[in-house]
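So the structure is just underneath, and the comments pick up after that.
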Amino acid sequence: MTTGRSGGTPPPNPEAASTAGDRKPKTDMDKLETDPGDAGSPKDGPTTADTAAAGSTAGSAAAESTAAESTDDKGTDDKSEKSKKEKRDPFATFGPAPTPVPTRVGRATRAVGRFLAHEWTLAALGSLALAVAMTWPTLRYPRYTLPQDYWDPSLQAWQMAWSGHALLTDPGRLLHSNAFFPERWSFAFSDTLLGYAPAGMIGTGPEAALLRYNIMFVLAHALATFGAYVLARQLGSGRIGAAVAGVTYTYAPWLLAQAGHLHVVSNGGIPLALAMLARGHGWSLRHGYRPEKRRVGWVYAGWLVAAWQLSLGFGIGLPFAYVLAGIGLVATVTWILRRWVVNPVRRPFGRRLFTADVVGGLIFAAVGGMLALPYFTVAELHPQAERTAADLAWFSPPATGFLTAPAESRIWGDLHEGARATLPWQPEMTLLPGYVLYALALGGLFFSVWRVRHRLLLLAGVVVSMVLAMGTEFLDGRYTFVPLFEHLPGWNGIRTPGRLMLWTTLLLGLLAAGAVSAFAGRVRKISAARIPSWPSPWLRLATLLPLLLVTVEGLNRTPHPVVPVQPAAMRTVDGPLLVLPSDQSHDQPVMLWSTTHFQDIVNGGSGFTPTLLEEVRRVTITFPDQGSVEYLRTLGVRNVLIPRNQVAGTPWEFSIDAPVDALGITREEIGDVVVYRL
């Protein structure tokens, strides 16, 4: 057989053509020069190459056909060629089956499965389950008990109930509550927990208020754990390290003493907002700034969460606002440097991201300004409400407080009883974040997934926050807390500097997360080097040990006292009314009792006592007498209630049954409460 372009003769049979075609595949040039449809054309006569190419085509068709027969005139018999092409390819039997098209139910099921198996879903559910367990028995009798005590928690349960009631019935009266009658702006006498108002719209009465409070108490712990976990993950921590950061941020021993302060426990919006803002800006500690990771939606979400956190109260919200302002200042300077000084880049952060920060920051500032206005009004109307340097000194903890746990700590409570005895105000001075946390954070300075400069920055933040938490105890506060107290707007409203330990705990948790993540990464490398590459049970347990230890150190023995039952008279007697005896501890449960009808009450408890209420308490010591009755009438008080079970050891123990005929008032008993009609 010749291989040239001419002088050849066609192969004697198709098998030969097929063989020749297999040995020499058809090239692109052959395709251009040879048309199978022209195989029988008498123009120039077939060449050897032409015949070989035609034979190759026929051989391929024969191999792909399921019929055993073949003909010599494949190139000329169009009908035969068409019938062969329509025959089934035998090799299709071995091909993959077509992918089934999922139904709508199947797609929904898969979507739900992916959602439930997502890391954030598992983290949220785990945080919630841990919150229920670590705050137990809060949800055992949620309609009758309160954590820690029933004084401040009763006030905060009333706050949620009042905000929900006012927004549903008369939003214009929101800031002028039914307590402290006849005072105005009384809802701004303390942190308002306004961000929980939607929960306050559900249910009425004291039992609903207690149930609402206890549920929000547990959810606040869950949100704090979830928020710190998400922040650590966004910054680059591993899962176990992030879990350590979440648990320590929420269940640090010092926070057990704050169980009666929902506005302090409700701090989960701080790390969650920071995580959202970092995610939206495409920034983390381990990877730095990555423009391709920017998500404008997360930036808006972060600012909204920050505004919601601020609405819960300025006690911890104000320092958070200044932290955000500091971060914004650093980001602005960085933007200027990147735009015009260091390796100039046009729009280094992007116009949309810049717009999101401006809009989000304005929303946050507007919320803060609107919330602050009533407090400025209260400070003007009640000068005694303003915090002084003497208040600050009274609540400033010494350095030993950072090593002392509160009595509510199940692990360290009894062991630190002697140390607590040396502290003037134990609830705000027992600031131990956890010895395990101290150890893990110290290890994180030397062995961590964070870069060295980031470890040093975290350490600097720990030192600064601890110094500020000492108030006037560090160099008398002359160069630390006092300048902030005197010059920063709103800072003089912070009388308990020890609560700045919240930032210390968060930063220590991030240092610890870096160490635990590095340890877990080392375990993975050791496991990968083994044959088979699977960690032993001991290695698995070793990675979980830090998480187990910080969880155990956060165990509590918080009391859950039964709240005094609402007297039947509080459900039937109209206001304005006064309940005697009246003082801070008695009045806060009275505020809770008023959540059935929210009638006006003279009683009230908050961060300060108005002058008018002090005068009422002084004048009514002799009630019922002519002077006190006339005084209450001038205030507009219509009824006075005295529960018999609260008069022991008070002036009313003997005067409660005194004759009232000459006073122009009437007396009746509703249950165990004596009601005086003025």
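Being a predicted model, the structure only gives us computed values, none of them experimental.
Tyr322 OH: more than 12 foreign heavy atoms inside a 6.0 Å radius. Atom CH2 of Trp503 is surrounded by more than 12 heavy atoms from other residues, nucleotides or ligands within 6.0 Å. Atom CZ of Arg522 has 12 or fewer neighbouring heavy atoms from other residues, nucleotides or ligands inside a 6.0 Å radius. For Glu119, the CD atom is densely surrounded, since the number of other residues' heavy atoms within 6.0 Å is greater than 12. By the neighbour-count criterion of 12 heavy atoms within 6.0 Å, atom OH of Tyr435 is densely surrounded, having more than that number from other residues, nucleotides or ligands. Other residues, nucleotides and ligands place more than 12 heavy atoms under 6.0 Å from the CH2 atom of Trp120. For Arg110, the CZ atom counts as loosely surrounded, since its 6.0 Å shell holds 12 or fewer non-hydrogen atoms of other residues, nucleotides or ligands.
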Quick one, Val359 with Phe364, criterion side chain to side chain contact (heavy atoms under 4.5 Å, CB included). Give me CA distance, side-chain angles, the key distance, then yes/no.
CA-CA 9 Å; Val359 173; Phe364 179 81; over 6 Å; no

Side chain to side chain donor-acceptor pair (under 3.5 Å), that's the test. Do Gln159 and Ser190 meet it? Break it down for me.
CA-CA 10 Å; Gln159 287 174 325; Ser190 57; 3.1 Å; yes

Test side chain to side chain contact (heavy atoms under 4.5 Å, CB included) applied to Tyr249 and Thr225, step by step
CA-CA 7 Å; Tyr249 178 72; Thr225 305; over 6 Å; no

Please evaluate residues Ile316 and Phe320 with respect to the criterion side chain to side chain contact (heavy atoms under 4.5 Å, CB included), reporting the C-alpha separation (whole Å), side-chain torsions for both, the decisive distance (0.1 Å), and the verdict.
CA-CA 7 Å; Ile316 61 172; Phe320 177 45; over 6 Å; no

Steps toward side chain to side chain contact (heavy atoms under 4.5 Å, CB included) verdict (Gln156, Leu262):
CA-CA 7 Å; Gln156 292 160 346; Leu262 185 59; 3.5 Å; yes

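Smallest separation of non-hydrogen atoms from Thr248 and Gly509: OG1-CA, 3.9 Å. Listed here is the closest heavy atom pair of Ser284 and Arg290: OG-NH2, 4.2 Å.
Centroid-to-centroid, the aromatic rings of Phe402 and Trp254 stay 6.0 Å apart or farther. Between Tyr251 and His221, the ring center distance clears the sub-6.0 Å criterion.
For Val464, the side chain to side chain contact (heavy atoms under 4.5 Å, CB included) partners two or more places apart in sequence, or in a different chain, are Leu468.
Classified by interplanar angle (parallel below 30°, tilted 30° to 60°, perpendicular above 60°), the ring pair Tyr213/Phe217 is parallel. Aromatic ring pairs are classed by plane angle as parallel below 30°, tilted from 30° to 60° and perpendicular above 60°; the pair His416 and Trp412 is parallel.
Looking only at atom types and distance, the side chain of Tyr196 has no donor-acceptor partner in the side chain of Ser311 under 3.5 Å away. Side-chain atoms of Thr404 and Thr430 form no donor-acceptor pair, as typed in the model, at a separation below 3.5 Å. There is a side-chain donor-acceptor pair under 3.5 Å between Ser465 and Thr504.
Between the side chain of Thr558 and the main chain of Glu408, no donor-acceptor pair closer than 3.5 Å is present.
Electrostatic pairing of Arg352 and Asp357 does not count as a salt bridge here, judged by no charged N lying under 4.0 Å from a carboxylate O.
With a 4.5 Å cut-off on side-chain heavy atoms, Asp191 and Leu312 do not count as touching.
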